[in-house]
Amino acid sequence: MRKKFARDFDSLSAIYEFTEGVLAAHDLGEAVRFPVHLAMEELFTNMVKYNHDSDGEIEVDVAVDAGVVTVTLTEHDVDEFDVTRPREIDTSASLGERTPGGLGLHLLQNIVDNLDYEYRDRRSRVIFTKESG
Amino acid sequence: MRKKFARDFDSLSAIYEFTEGVLAAHDLGEAVRFPVHLAMEELFTNMVKYNHDSDGEIEVDVAVDAGVVTVTLTEHDVDEFDVTRPREIDTSASLGERTPGGLGLHLLQNIVDNLDYEYRDRRSRVIFTKESG
Amino acid sequence: MFEINFGGDGEIVCSGRLDAAQCDRALSFLDGVSDARTLDFSALEYISSAGLGILLKTQKRLAENGAALKIVNVNNHIHDVFRYSGFNTIFDIEAKQE
Amino acid sequence: MFEINFGGDGEIVCSGRLDAAQCDRALSFLDGVSDARTLDFSALEYISSAGLGILLKTQKRLAENGAALKIVNVNNHIHDVFRYSGFNTIFDIEAKQE
Ligand SMILES: Nc1ncnc2c1ncn2[C@@H]1O[C@H](COP(=O)(O)OP(=O)(O)O)[C@@H](O)[C@H]1O
Ligand SMILES: Nc1ncnc2c1ncn2[C@@H]1O[C@H](COP(=O)(O)OP(=O)(O)O)[C@@H](O)[C@H]1O
């Protein structure tokens with residue numbers, strides 16, 4: 001269930017359809033599909049935005065076992081950035097105090113069940129899980 | 001595993017990715033994936049080309065059971081056209097005698113294991129199966 | 001697929017999936033809006049942080065004229081995204097009756 | 001993803017998936033070719049009947065000048081598509097060494 005996608009926002013629809021296929025094959029409903037798609041998008045778009053010098057593709061793996069979805073995103077030749085570090089976000093800030101951005105990792109950390117980060121030989125790997133039901 | 005796609009050639013990549021996801025979830029290899037994608041494209045593009053007056057979406061269902069892939073394409077409010085009827089194709093024609101087109105259904109009929117057509121209440125449904133291994 | 005258009009009552013109707021690849025198009029549309037509007041999300045299935053970004057940008061711009069967006073018919077999943085971001089305090093949001 | 005370009009030796013290099021949505025682009029490229037050429041399919045994963053159509057169209061046009069396309073490094077699945085269509089009799093085709 002591993003597939004490589006070009007480092008481009010335009011890959012998002014292909015990633016969505018591919019993931020839909022895997023999740024549909026396991027009869028998983030919207031309650032788990034929504035957060036899985038959201039977590040993947042937040043991680044993938046950050047890889048595109050912040051490591052754009054690296055021109056390799058991003059590898060996506062979606063596995064389902066006993067109702068638990070495990071998604072792994074891997075990219076090569078990038079600097080270390082630990083997505084599991086807590087974000088300091090003031091979600092009660094007023095409209096005037098807010099600036100767009102900075103919410104992706106906060107959302108990610110709120111919606112997945114487990115989040116891991118591995119870094120070795122300039123290879124970055126993010127693994128998250130989401131349980132259905 | 002049912003999904004609707006817009007009646008447009010541009011849906012082909014979404015159909016491809018979605019089907020890849022389903023087939024990957026069942027660990028099916030290229031030997032079955034290639035003919036499944038080809039059969040789907042030939043059927044889908046004909047629905048787009050020959051029933052373009054019907055503006056509804058085309059429903060695609062991909063199911064895998066015991067190594068057998070079953071694909072169902074359904075469209076509504078269209079005329080009857082039985083894709084299982086044998087095609088009269090001269091595959092030994094010379095270059096000069098040939099004209100582009102007319103090979104899609106012939107290929108389809110050669111690469112799938114089973115092909116069925118149902119028509120009722122202006123609803124067209126094509127079902128094909130392909131066995132892995 | 002994502003669509004953004006004006007509905008029959010001047011409301012802004014969004015449908016489909018608002019992901020990062022659709023935000024430029026959505027923002028071009030929203031940049032043309034200069035007064036208080038209702039956004040109808042009844043057919044919007046999905047939004048990510050990129051979509052929140054353009055909504056915030058528009059809300060801030062409108063606030064300069066004392067106007068604001070109101071968002072109605074928000075599905076449960078999108079409602080969660082708004083809550084986790086604290087956007088329910090800076091937008092007037094109505095959930096979908098499901 | 002589908003790409004079509006000239007390679008270093010004047011051959012035409014195709015890669016990815018040549019489905020019906022890519023044929024307009026592929027045909028625009030092939031319409032610019034007016035002499036005998038080798039098509040390298042080593043990175044081409046997939047072709048459908050729509051792709052066969054534009055290859056045939058190009059082969060017929062070149063035949064008027066006594067020229068022809070030769071297709072090399074064809075994978076097994078694409079080779080089957082050519083055989084089922086009888087295209088192996090109207091194109092010079094070399095399979096991939098796998
Ligand atoms: N893959 C990454 N590599 C490097 N830096 C990153 C990566 N992902 C996120 N960041 C940093 O973390 C910050 C927060 O990310 P995020 O919450 O997704 O918000 P946004 O990308 O909208 O700013 C980013 O602004 C960026 O500085
Ligand atoms: N879904 C359909 N509805 C109506 N006619 C169809 C349909 N599919 C195929 N046909 C007819 O069958 C013919 C052969 O189809 P096909 O073998 O796919 O070749 P092509 O579409 O390239 O001509 C078409 O030219 C068309 O006349």
Side-chain angles (χ1 to χ4, degrees), chain B residues 5-17 19-20 23 28-50 52 58 83 87-112 130 132, chain D residues 1-3 16-27 30-31 36 41 43-71 74-93 96 98:
Chain B
F5 295 93
R7 193 178 280 280
D8 193 309
F9 282 9
D10 284 342
S11 297
L12 286 173
S13 63
I15 292 174
Y16 165 73
E17 296 293 348
T19 307
E20 275 288 279
L23 302 183
L28 295 174
E30 188 64 8
V32 65
R33 279 156 48 212
F34 188 105
V36 167
H37 289 304
L38 181 56
M40 288 177 84
E41 174 176 340
E42 299 300 346
L43 288 165
F44 186 85
T45 54
N46 279 356
M47 289 173 169
V48 173
K49 287 192 291 183
Y50 303 115
H52 43 78
I58 296 167
V83 296
R87 304 286 307 157
E88 284 178 20
I89 296 285
D90 179 7
T91 57
S92 63
S94 68
L95 182 62
E97 293 160 347
R98 298 220 182 210
T99 49
L103 286 169
L105 294 179
H106 170 77
L107 282 175
L108 169 74
Q109 292 169 2
N110 270 281
I111 55 174
V112 301
K130 183 78 194 172
S132 67
Chain D
M1 264 226 335
F2 169 74
E3 296 292 342
R17 301 175 48 79
L18 178 49
D19 67 20
Q22 306 298 327
C23 281
D24 282 353
R25 201 153 55 83
L27 186 59
L30 290 173
D31 278 346
F41 275 15
L44 190 72
E45 294 161 25
Y46 172 90
I47 198 168
S48 63
S49 72
L52 296 184
I54 61 169
L55 292 178
L56 177 64
K57 216 175 155 201
T58 307
Q59 189 77 326
K60 286 175 81 85
R61 185 172 55 75
L62 294 181
E64 291 169 17
N65 309 327
L69 297 174
K70 174 183 173 149
I71 310 179
V74 177
N75 79 30
N76 281 338
H77 299 292
I78 294 177
H79 204 253
D80 284 346
V81 170
F82 278 94
R83 279 194 305 107
Y84 289 138
S85 318
F87 269 41
N88 49 339
T89 64
I90 55 173
F91 285 89
D92 181 358
I93 298 171
K96 205 181 224 168
E98 284 177 290

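Hydrogens, waters and symmetry mates play no part in the numbers below; they use all other heavy atoms, side chains included.
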Q: Measure the acute angle between the ring planes of B/Phe34 and D/Tyr46, then classify it against the limits of 30° and 60° as parallel, tilted or perpendicular.
A: tilted
Q: Looking at every non-hydrogen atom in both residues, tell me the closest pair between D/Gly53 and B/Pro100 and how far apart they are.
A: O-CB, 3.8 Å
Q: Roughly how far, to the nearest 0.5 Å, is NE2 of B/His37 from OG of D/Ser48?
A: 12.5 Å
Q: Sort B/Tyr16 into side chain, backbone, both or neither according to what part of it lies under 4.5 angstrom from a heavy atom of chain D.
A: side chain
Q: Which bit of B/Ser94 comes within less than 4.5 Å of chain D, counting heavy atoms only: side chain, backbone, both or neither?
A: backbone
Q: Can you name the closest pair of heavy atoms from B/Arg98 and D/Gly86 and give their distance?
A: NH2-O, 3.2 Å
Q: In terms of heavy-atom pairs under 4.5 Å with chain D, which of B/Gly101, B/Ala31, B/Ala93, B/Ser13 leads?
A: B/Ala31
Q: For D/Ala21 and B/Phe9, work out which heavy atoms get closest and say how close.
A: CB-O, 3.6 Å
Q: Could you tell me which portion of D/Arg83 (side chain, backbone, both or neither) has an atom closer than 4.5 angstrom to a non-hydrogen atom of chain B?
A: neither
Q: Using non-hydrogen atoms and a 4.5 Å limit, figure out which bit of B/Ile89 sits close to chain D: side chain, backbone, both or neither.
A: neither
Q: D/Leu55 versus chain B, heavy atoms under 4.5 Å apart: side chain, backbone, both or neither?
A: neither
Q: Could you tell me which non-hydrogen atom of B/Leu95 sits nearest to which non-hydrogen atom of D/Ala63, and how far apart they are?
A: CD2-CB, 3.8 Å
Q: Where does B/Leu107 contact chain D at under 4.5 Å (heavy atoms): side chain, backbone, both or neither?
A: side chain
Q: With a cut-off of 6.0 Å (strictly less than), are more than 12 heavy atoms of other residues, nucleotides or ligands near NZ of D/Lys60?
A: yes
Q: Locate the shortest heavy-atom distance separating D/Ala20 from B/Glu41; write the atom from each residue and the value.
A: N-OE2, 2.8 Å
Q: Kindly compute the distance separating CG (B/Leu12) from CZ (D/Arg17), expressed to the nearest 0.5 Å.
A: 9.0 Å
